[in-house]
Amino acid sequence: MRVLHQVDSFTRTPFTGNPAGVVLDADGMTDADMLAVARELNNSETAFVLPPDGADHDVRVRFFTPTTEVPTCGHATVGAHFARAVEYGLPSGSLVQKTGGGLRQRVEIIRDGDGDGDRVRIGMHQGAADLGPELDGTQVDRLLRALGAKSGDLADAGPVQIVSTGHSKVIVELRDRAAVDGLRPDPAALTALSHEVGSNGWFVFTRATGEAELLTWARMFAPAIGIAEDPVTGNGHGPLGAYLVHHGIVPAPGGRLDFTGRQGVAMGRPGEVGVRVDVRSGSRRGGELHVSITGDATTAFRARLNA
């Protein structure tokens, strides 16, 4: 009997944050089986946990949107390892997951407490950031129209740029929260632009949060892979952190930046992501940027899966 967990990631309050389906014992499921479950749940991603197929990792995890498999996913990683920690009573510690895209990522289980009421958080090391192409002026104009934003809404601290820590996002900074919250995207226009630039996720943020404990306030759209809007995006916040450090938009004293970003308010599913960027010596300008994220999670429900 397979068990399905529905986990809300980047929150401790059920029915907020970002929901992810998790199947902990997915061995024997076909690609079609996994896609069918993901389509039925209709979360932005569902995680399927499998035994390792090599000595260089501890567990495999595959991630499916309702329409396709994706190489990695932040909130579904948090959800999968939170479910494993709770279901199996796992202690604090680290492990390596291999994703369907072949990525190997270190995951941390962090338990605060010593009983059934433990706070269980999950950390995910996304690895070195890849700073990709910048969109040109015509593409930026089309993007703003597709998002439902005005030209004056765009901040001018850095470019509109593709950044990846495993699953690329286009990073777009707007001037204030009202501009971010007021977006009314055109999914078809965003999908067409995604195909043109080669990135499916549009991560839109502002640093004008109005709250001292928050550095960023964001939304994320990925209609090209069946996600009209994603509530709270780990694989958006990681590239965002690298972008902020790479362009010197936010200082990284001692080669490290730690911050908290909030997302999902516009959808009624607020959540928060802890982001850490470490600057390591390397051949790139300013060194390599290694990113990790941390998040809380909570189980919304657990049920038998008839599949």
Using atom types as modelled, flag every donor-acceptor pair under 3.5 Å from a side chain in residues 37-51 to any protein atom, sequence neighbours excluded.
from	atom 1	to	atom 2	distance (Å)
Asn43	OD1	Gln6	NE2	3.4
Asn43	ND2	Gln6	OE1	3.0
Ser44	OG	Asp230	OD1	2.6

[X] side chain near [Y] side chain, heavy-atom distance below 4.5 Å:
X      : Y      : result
His195 : Leu193 : no
Val275 : Leu240 : no
Leu135 : Val140 : yes
Thr77  : Val61  : no
Val160 : Ile171 : no
Asp136 : Arg142 : no
Gln97  : Arg104 : no
Arg175 : Leu154 : no

Check: [Y] main-chain N/O paired with [X] side-chain donor or acceptor under 3.5 Å:
X      : Y      : value
Asp58  : Val96  : yes
Thr16  : Arg269 : no
Tyr243 : Val172 : no
Arg304 : Val3   : no
Asn18  : Val232 : yes
Ser94  : Val107 : no
Asp141 : Thr138 : no
Arg276 : Phe259 : no
Thr206 : Ala208 : yes
His5   : Ala80  : no

Heavy-atom pair of closest approach, residues [X] and [Y]:
X      : Y      : answer
Val265 : Pro270 : CG2-CB, 4.0 Å
Ala157 : Glu173 : CB-OE1, 3.8 Å
Ser292 : His125 : CB-CA, 3.9 Å
Arg111 : Ser92  : N-OG, 2.8 Å
Leu95  : Arg84  : CD2-NH1, 3.6 Å
Asn235 : Cys73  : ND2-CA, 3.0 Å

Evaluate side-chain hydrogen bond (donor to acceptor under 3.5 Å, both in side chains) for His246 paired with Gln161, printing each intermediate quantity in order.
-> CA-CA 12 Å; His246 175 79; Gln161 184 175 20; 5.2 Å; no
Checklist entry - Step by step, would you call Glu196 with Gln139 a side-chain hydrogen bond (donor to acceptor under 3.5 Å, both in side chains)? => result CA-CA 9 Å; Glu196 179 179 317; Gln139 291 170 326; 3.0 Å; yes
Rounded at 0.5 Å granularity, tell me how far [atom1] in [X] sits from [atom2] in [Y].
X      : Y      : atom1 : atom2 : value
Asp278 : Leu257 : CG    : CG    : 9.5 Å
Arg2   : Leu305 : CZ    : CG    : 7.5 Å
Phe82  : Ile109 : CZ    : CD1   : 11.0 Å
Ser168 : Asn200 : OG    : CG    : 7.0 Å
His75  : Phe63  : NE2   : CZ    : 9.5 Å
Asp153 : Leu147 : CG    : CG    : 10.0 Å

Are Phe15 and Asp8 close enough, and set up right, to give a side-chain contact (heavy atoms from CB on, under 4.5 Å), and what steps lead you there? CA-CA 7 Å; Phe15 312 119; Asp8 293 328; 4.3 Å; yes
- Ring centers of Phe205, His237 separated by less than 6.0 Å: no
Discussion item. Tell me whether the NZ or CZ atom of Arg177 lies within the 45° cone about the ring axis of Trp217 and under 6.0 Å from its centre.
Written reply: yes
In Thr216, Leu215, Val245, the residue satisfying side-chain contact (heavy atoms from CB on, under 4.5 Å) with Val250 is Leu215
From the list Ile110, Val78, Val7, Thr294, side-chain contact (heavy atoms from CB on, under 4.5 Å) partner of Ile122 resolves to Val78
Identify whether [X] and [Y] are in the same connected component of the hydrophobic contact network (ILVMFWY, side-chain heavy atoms under 4.5 Å).
X      : Y      : value
Ile249 : Val277 : yes
Leu244 : Leu131 : yes
Ile162 : Trp202 : yes
Val204 : Met220 : no
Met34  : Val22  : no

Can we say [X] and [Y] salt-bridge, meaning some charged N sits less than 4.0 Å from an Asp/Glu carboxylate O?
X      : Y      : result
Arg262 : Glu272 : yes
Lys98  : Asp53  : yes
Asp181 : Arg219 : no

Apply the test side-chain contact (heavy atoms from CB on, under 4.5 Å) to residues Phe10 and Gln263: give CA-CA distance (whole Å), side-chain angles for both, the deciding distance (0.1 Å), then the verdict.
CA-CA 10 Å; Phe10 301 122; Gln263 190 185 339; over 6 Å; no
Are Leu183 and Phe221 close enough, and set up right, to give a side-chain contact (heavy atoms from CB on, under 4.5 Å), and what steps lead you there? CA-CA 10 Å; Leu183 296 176; Phe221 312 99; 3.9 Å; yes
Test side-chain hydrogen bond (donor to acceptor under 3.5 Å, both in side chains) applied to Gln105 and Thr72, step by step:
CA-CA 10 Å; Gln105 300 165 316; Thr72 184; 3.2 Å; yes
Check your understanding: Could you walk me through whether Arg145 and Asp186 pass the salt bridge (Lys or Arg N to Asp or Glu O under 4.0 Å) check?
Key -> CA-CA 8 Å; Arg145 290 195 296 272; Asp186 178 339; over 6 Å; no
side-chain contact (heavy atoms from CB on, under 4.5 Å) between Val23 and Met29, worked out:
CA-CA 10 Å; Val23 179; Met29 296 182 73; 4.1 Å; yes
